[in-house]
K.L.:
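Questions regarding the structure given below will be posed in turn.
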8 protein chains.
Amino acid sequence: MTYSKKPLVGIIMGSSSDSRIMKGAAEILDDFKVKHEDQIISAHRTPARLAEYAQHAEKMGFDIIIAGAGGAAHLPGMIASHTVIPVIGVPILVYNDKHHKKTDTEKFSAFGGLDSLLSITEMPSGSPVVAVGVNKAGNAGIYAMKILANKFPELKKKLKQHKSNQHESVVKESEMMKKQGLSSFAKKKFK
Amino acid sequence: MTYSKKPLVGIIMGSSSDSRIMKGAAEILDDFKVKHEDQIISAHRTPARLAEYAQHAEKMGFDIIIAGAGGAAHLPGMIASHTVIPVIGVPILVYNDKHHKKTDTEKFSAFGGLDSLLSITEMPSGSPVVAVGVNKAGNAGIYAMKILANKFPELKKKLKQHKSNQHESVVKESEMMKKQGLSSFAKKKFK
Amino acid sequence: MTYSKKPLVGIIMGSSSDSRIMKGAAEILDDFKVKHEDQIISAHRTPARLAEYAQHAEKMGFDIIIAGAGGAAHLPGMIASHTVIPVIGVPILVYNDKHHKKTDTEKFSAFGGLDSLLSITEMPSGSPVVAVGVNKAGNAGIYAMKILANKFPELKKKLKQHKSNQHESVVKESEMMKKQGLSSFAKKKFK
Amino acid sequence: MTYSKKPLVGIIMGSSSDSRIMKGAAEILDDFKVKHEDQIISAHRTPARLAEYAQHAEKMGFDIIIAGAGGAAHLPGMIASHTVIPVIGVPILVYNDKHHKKTDTEKFSAFGGLDSLLSITEMPSGSPVVAVGVNKAGNAGIYAMKILANKFPELKKKLKQHKSNQHESVVKESEMMKKQGLSSFAKKKFK
Amino acid sequence: MTYSKKPLVGIIMGSSSDSRIMKGAAEILDDFKVKHEDQIISAHRTPARLAEYAQHAEKMGFDIIIAGAGGAAHLPGMIASHTVIPVIGVPILVYNDKHHKKTDTEKFSAFGGLDSLLSITEMPSGSPVVAVGVNKAGNAGIYAMKILANKFPELKKKLKQHKSNQHESVVKESEMMKKQGLSSFAKKKFK
Amino acid sequence: MTYSKKPLVGIIMGSSSDSRIMKGAAEILDDFKVKHEDQIISAHRTPARLAEYAQHAEKMGFDIIIAGAGGAAHLPGMIASHTVIPVIGVPILVYNDKHHKKTDTEKFSAFGGLDSLLSITEMPSGSPVVAVGVNKAGNAGIYAMKILANKFPELKKKLKQHKSNQHESVVKESEMMKKQGLSSFAKKKFK
Amino acid sequence: MTYSKKPLVGIIMGSSSDSRIMKGAAEILDDFKVKHEDQIISAHRTPARLAEYAQHAEKMGFDIIIAGAGGAAHLPGMIASHTVIPVIGVPILVYNDKHHKKTDTEKFSAFGGLDSLLSITEMPSGSPVVAVGVNKAGNAGIYAMKILANKFPELKKKLKQHKSNQHESVVKESEMMKKQGLSSFAKKKFK
Amino acid sequence: MTYSKKPLVGIIMGSSSDSRIMKGAAEILDDFKVKHEDQIISAHRTPARLAEYAQHAEKMGFDIIIAGAGGAAHLPGMIASHTVIPVIGVPILVYNDKHHKKTDTEKFSAFGGLDSLLSITEMPSGSPVVAVGVNKAGNAGIYAMKILANKFPELKKKLKQHKSNQHESVVKESEMMKKQGLSSFAKKKFK
């Protein structure tokens with residue numbers, strides 16, 4: 001990694017079960033070869049660690065903190081209140097329904113992530129947090145790259161490459177669909 | 001096809017995964033023997049193609065564009081902003097939950113399509129898009145037929161036939177239910 | 001008016017109180033010099049007129065029907081079920097709160113137009129209606145012009161002029177804001 | 001059946017697929033030995049049958065119509081607009097997601113029945129329909145019995161018996177839970 | 001009054017402030033010359049009166065109870081649980097915001113009546129209540145007339161007259177709008 | 001005050017503007033002659049005071065903390081995470097719209113308090129907070145009295161008196177309405 | 001159990017099917033060695049038992065009642081109206097969709113628990129109930145412990161131990177994640 | 001200004017009427033002495049300017065773009081799709097109700113900003129935008145300062161001063177409330 005020997009981004013989440021979603025952010029950072037440090041900081045189960053972590057983050061010199069939480073998602077806002085490092089919040093869908101371990105198919109979320117999204121965005125004036133879409137940890141990762149790219153021109157180049165790859169890949173699929181027709185295309189894709 | 005040698009309708013969608021829903025529109029057009037051209041135009045991954053596609057659509061002489069997208073569904077509104085061809089938007093349910101590929105049963109949508117519906121309908125004054133119901137690509141297809149029927153009397157006839165077929169089919173099922181009684185009818189249908 | 005001696009568009013609404021919103025559609029049509037016929041057709045208070053109006057509309061040769069309704073907004077869907085003419089639905093905010101006539105300030109809508117929007121869009125497969133945004137009757141008018149422009153090239157020209165006027169007007173305001181700075185601009189605009 | 005040789009209640013629904021839910025109403029009526037006639041009347045696919053059915057219902061002397069529909073649920077309100085017979089609306093959850101026939105596990109409803117509930121209740125002043133809860137066809141059946149009980153004292157007796165049976169059955173389960181303790185009770189019930 | 005010397009309908013509400021909305025039901029009953037008895041029964045402030053009132057209602061021989069309540073609207077469901085008389089629930093918008101007495105303009109409702117609507121409709125299987133639209137007490141009154149009309153043929157006649165009056169009044173306004181054009185009509189109506 | 005020389009309840013809120021709502025709790029406690037200490041603790045502007053206040057509250061021996069907050073209402077949950085004292089959360093409607101100071105009539109809340117309600121209730125397993133209704137600070141006060149009444153029998157007596165007063169007051173108004181009839185009653189009340 | 005020979009907490013729920021969720025409260029109380037009595041009290045199927053149970057609870061000397069219910073969740077509010085014992089409400093997700101017994105995978109809830117949450121919290125002024133999050137019966141249990149800890153110092157100690165255990169467990173997992181990195185951690189946890 | 005001679009932040013909005021809200025961002029930047037350039041870029045009325053502005057922003061070397069829009073808020077996402085500069089979206093409440101110019105009191109928003117919030121956050125994977133709370137333009141300004149503070153240590157100092165000022169101001173008000181008591185405090189503040 002050429003940008004820094006120390007991690008530039010701190011990734012935190014409210015619970016180990018959030019790692020299923022939050023690993024999407026880590027994967028982007030790994031792709032962009034940006035070091036990150038990953039921790040579980042529960043606003044509610046480890047409240048004393050909020051201030052601690054904020055100090056740790058400032059000492060580590062993190063440029064960005066990515067914080068994921070579900071339900072009454074206080075973590076992003078609380079960390080943001082303890083530090084001036086910009087925090088990107090990731091709202092996470094929380095399942096409230098008890099279910100049998102065998103099938104897992106009855107899992108259910110009471111509010112579809114709206115609870116988490118509003119708990120992150122609707123901060124009072126003077127205490128901003130920003131949010132990406134529900135469960136969009138990968139987008140938080142790319143947004144972090146955009147912030148870092150202000151400092152690291154090489155990242156800017158990679159982001160443009162990323163954009164251009166997306167463009168190419170969509171154009172290619174579009175050509176295929178145009179040629180095959182939508183019905184055939186869909187049949188092949190979802191057979 | 002008697003209406004035109006060139007496609008009369010452009011079908012576009014934001015992602016190849018939307019083809020699962022959007023093929024419903026293609027199937028209606030195929031039934032009505034109306035030619036269409038199908039492409040993937042991502043407002044976010046291929047923004048440069050928005051203006052390009054709008055010009056292409058005008059050059060092709062499309063009478064209607066059917067545009068499907070999910071989540072922050074910008075595609076219908078953005079295409080409509082680049083052209084005076086009427087755009088029919090199809091809101092698509094987006095799944096936000098990560099899941100194991102094997103079962104697919106945990107798929108989940110954060111906002112039930114409301115995000116997409118509002119992203120399509122709530123356009124500012126002066127820049128209209130219209131929307132059909134969530135995932136109702138087939139209805140976008142029929143609506144396109146209604147618009148084209150203003151020009152092609154034969155299509156008007158087919159639409160009336162379609163309406164009359166629907167009528168007949170419901171009346172027939174109703175007769176069956178009336179005779180068998182609701183409980184028996186339902187038991188047979190959902191055995 | 002050069003397009004037709006007879007009205008090309010039928011505008012209907014569920015109640016005379018909807019005329020406050022629906023006149024937005026009439027104003028656009030008048031601007032574009034497209035004749036329209038305006039009626040009140042209440043799906044619930046004059047159900048017998050639904051079929052009657054549909055026949056009248058077909059006989060009159062309307063190319064489009066614009067139908068506005070609030071609350072349980074059945075009018076657009078019901079008219080669409082009686083005819084193959086394309087129907088553009090306008091969801092209207094309905095006020096449910098009783099209030100003193102003097103002030104009118106306590107007016108209140110129970111569901112912010114969501115009831116009306118979903119009553120219009122969520123039609124079953126095979127029976128499409130489309131909707132513009134809540135209270136956006138003007139957008140229904142412009143959308144009607146887009147449909148008619150397929151037939152009347154002069155309308156296409158006017159629509160392009162309309163787009164270009166919008167563009168100019170925004171660019172002009174933007175130049176003013178850029179020069180004055182946002183704070184000064186806003187202070188002047190909202191003094 | 002002692003109440004009447006002719007059916008006292010008309011049960012209608014918008015589609016044969018609604019019979020899965022609506023049979024809940026029929027089962028209650030069968031339990032109370034009240035005759036009913038069951039039909040499919042689609043407001044959108046068979047609009048001409050709305051007035052026809054209303055006349056049929058008045059001629060048959062139905063005391064109550066139970067009408068179930070999903071999505072933009074116009075059927076209850078439209079039938080109510082054609083007749084003075086009281087209509088009980090049953091909002092039905094509609095699934096919008098395409099799915100593979102094999103598993104059926106991806107079925108999904110865009111608005112959880114809120115679309116249907118509001119399309120039924122939010123009728124304009126002067127045109128009432130009433131609604132039971134989403135998918136609660138059985139409750140529509142019992143409510144119909146309550147209305148009929150004003151005429152048929154024997155039905156009043158049966159309703160009281162029904163209430164008393166419910167009471168007994170809950171008390172019995174409660175005694176069991178009190179004795180076994182909640183944890184054991186739940187373990188047995190959901191093993 | 002020819003129907004009965006005793007009241008046929010009991011109107012109840014959770015609070016004296018609900019009388020502002022609920023008088024809409026009384027006015028309809030007065031128009032139809034149907035006697036009613038009006039009381040305030042608070043499910044939460046006078047829980048002991050629920051059973052009492054239910055017994056009173058049965059003794060009085062009420063054919064219908066109209067029950068209005070806001071917020072966590074338990075009154076309709078709780079009365080329905082104590083009697084077999086059919087209960088029509090009226091969801092009422094509740095204002096939660098403190099405001100200065102002078103202006104009253106800041107009144108605000110937290111959930112737009114959705115809390116009340118769902119608290120009324122979403123009753124468990126076996127315990128039905130029905131709801132009209134939010135604040136639609138007048139519609140509850142008309143629905144009550146529809147139920148009573150099964151017993152009193154004269155009421156059926158009046159209801160048909162009511163329907164026919166509505167029809168006439170809409171047709172008349174529609175003629176005016178058709179003649180004047182929508183813009184002029186709206187300008188006159190909302191000057 | 002006979003219960004304690006020290007305050008038994010700590011009332012906190014996120015901002016001085018919340019005092020408009022939160023004084024409802026203070027008024028109840030004053031009525032019941034229960035001492036309370038009132039502070040502003042902003043989870044976001046004074047995060048360091050969360051732990052401090054929790055220690056202070058434990059040292060003061062508060063039996064209950066009443067915590068009000070709006071928008072992304074983190075205060076109740078964060079205080080609850082720092083102490084084992086039971087916390088009663090009060091969701092507060094937050095206004096997001098800028099308005100002229102003169103009239104105050106354009107005040108507006110983006111989410112009707114739903115943001116605040118969910119930010120309080122949807123806490124993770126193991127970290128409970130409870131909520132009363134939106135803006136219902138007075139109910140938080142009474143609930144606090146219910147908890148304290150387990151310790152102070154005199155409070156239990158007062159609560160029963162409070163209940164009985166409510167009962168009497170409703171019965172009295174009900175008698176008035178029954179006698180005057182609903183229409184007259186409402187006209188007098190809302191003249 | 002050292003606190004009391006009699007149960008200190010009454011757990012009630014509206015239906016035996018709620019025991020699947022409500023056992024979460026019982027498990028917490030069992031862990032804390034606090035005796036509880038468990039019953040099924042249906043507000044709608046056993047309305048007469050509401051007053052009875054309230055008297056029973058007062059006679060038993062319960063310090064707290066935990067009440068769970070779904071849909072139009074009247075139980076918590078109605079019990080609270082009959083007694084001055086503090087009631088903790090547990091909103092429960094209710095499934096409205098009919099499904100085949102074999103798979104259980106089509107279960108569906110119409111309103112995601114919002115109906116139940118609002119039916120519990122939005123009580124009128126003067127009649128408080130409090131709610132924990134949807135399906136969070138365990139949190140109701142812990143909250144009950146917090147209330148009892150005001151009386152039983154040993155419980156306060158256990159609650160602090162519980163908090164400290166939570167803290168330790170999160171810190172331990174966090175250390176693991178920090179060391180392994182998020183991607184590896186998530187892969188191991190969700191393999 | 002010591003940070004840069006050129007503007008570091010581009011502020012854009014969809015309409016001149018948004019300047020009422022968006023000036024909140026400009027005021028923060030002015031306070032922090034950070035230069036910004038302000039423009040109106042309408043995604044729908046000036047679609048061609050999206051790519052143009054993105055190029056302009058990159059050429060100008062903006063570190064951040066703050067983009068505000070209401071309704072179907074496409075501007076933030078569309079600009080983000082054209083550039084790798086991080087975009088902060090500000091959802092804006094849009095009023096849909098027509099009103100008399102004199103009073104302005106009937107202004108109304110159909111979806112309370114939810115339409116705009118979801119149109120901004122729910123971007124597809126790979127195309128991130130972030131959002132602050134509805135109408136919270138000031139928070140977007142502070143968040144921009146947090147990002148810039150990674151580059152300009154003096155800004156970090158100012159942000160800490162800002163935090164500390166907030167802290168002091170809350171503590172001071174809290175002391176006043178503690179001393180005066182909540183009721184007196186609120187009476188003085190809201191007299």
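Throughout, a chain's letter reflects where its sequence line sits, starting with A, and its residues are numbered from 1.
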K.L.:
For the atom pair CG (Asp38(A)) and NZ (Lys179(G)), what is the distance rounded to the nearest 0.5 Å?
P.N.:
14.5 Å
K.L.:
At a 4.5 Å cut-off on heavy atoms, which part of Ile92(G) comes close to chain A: side chain, backbone, both, or neither?
P.N.:
neither
K.L.:
Examine whether an atom of Gln39(A) lies under 4.5 Å from a heavy atom of chain G, and if so say whether it belongs to the side chain, the backbone or both; otherwise answer neither.
P.N.:
both
K.L.:
Any chance you could measure Met176(G), atom CE, to Ser16(A), atom OG, to the nearest 0.5 Å?
P.N.:
8.0 Å
K.L.:
Any donor and acceptor pair, going by atom type alone, linking the side chain of Ser174(G) with main-chain N or O of Ile40(A) inside 3.5 Å?
P.N.:
yes
K.L.:
Check each atom of Asp30(A) against the heavy atoms of chain G and say whether the ones under 4.5 Å are side chain, backbone, both or neither.
P.N.:
side chain
K.L.:
Distance check, rounded to the nearest 0.5 Å: Lys189(G) atom NZ versus Lys23(A) atom NZ?
P.N.:
12.5 Å
K.L.:
If I measure from the heavy atoms of chain A, does Lys178(G) come under 4.5 Å with its side chain, its backbone, both, or neither?
P.N.:
both
K.L.:
For Ser19(A) versus Ala186(G), what's the shortest heavy-atom pair and its separation?
P.N.:
O-CB, 3.5 Å
K.L.:
Show the numbers, then the answer: is there a side-chain contact (heavy atoms from CB on, under 4.5 Å) between Leu114(G) and Phe111(A)?
P.N.:
CA-CA 8 Å; Leu114(G) 185 66; Phe111(A) 299 103; 3.7 Å; yes
K.L.:
To the nearest 0.5 Å, tell me how far Ile66(A) CD1 sits from Leu182(G) CG.
P.N.:
10.0 Å
K.L.:
So, do Met13(A) and Met177(G) sit near enough that their side-chain heavy atoms are less than 4.5 Å apart?
P.N.:
yes
K.L.:
Counting C-beta onward and ignoring hydrogens, is there a side-chain heavy-atom pair between Arg49(A) and His167(G) closer than 4.5 Å?
P.N.:
yes
K.L.:
Rounded to the nearest 0.5 Å, how far does OG of Ser17(A) lie from CZ of Phe190(G)?
P.N.:
6.0 Å
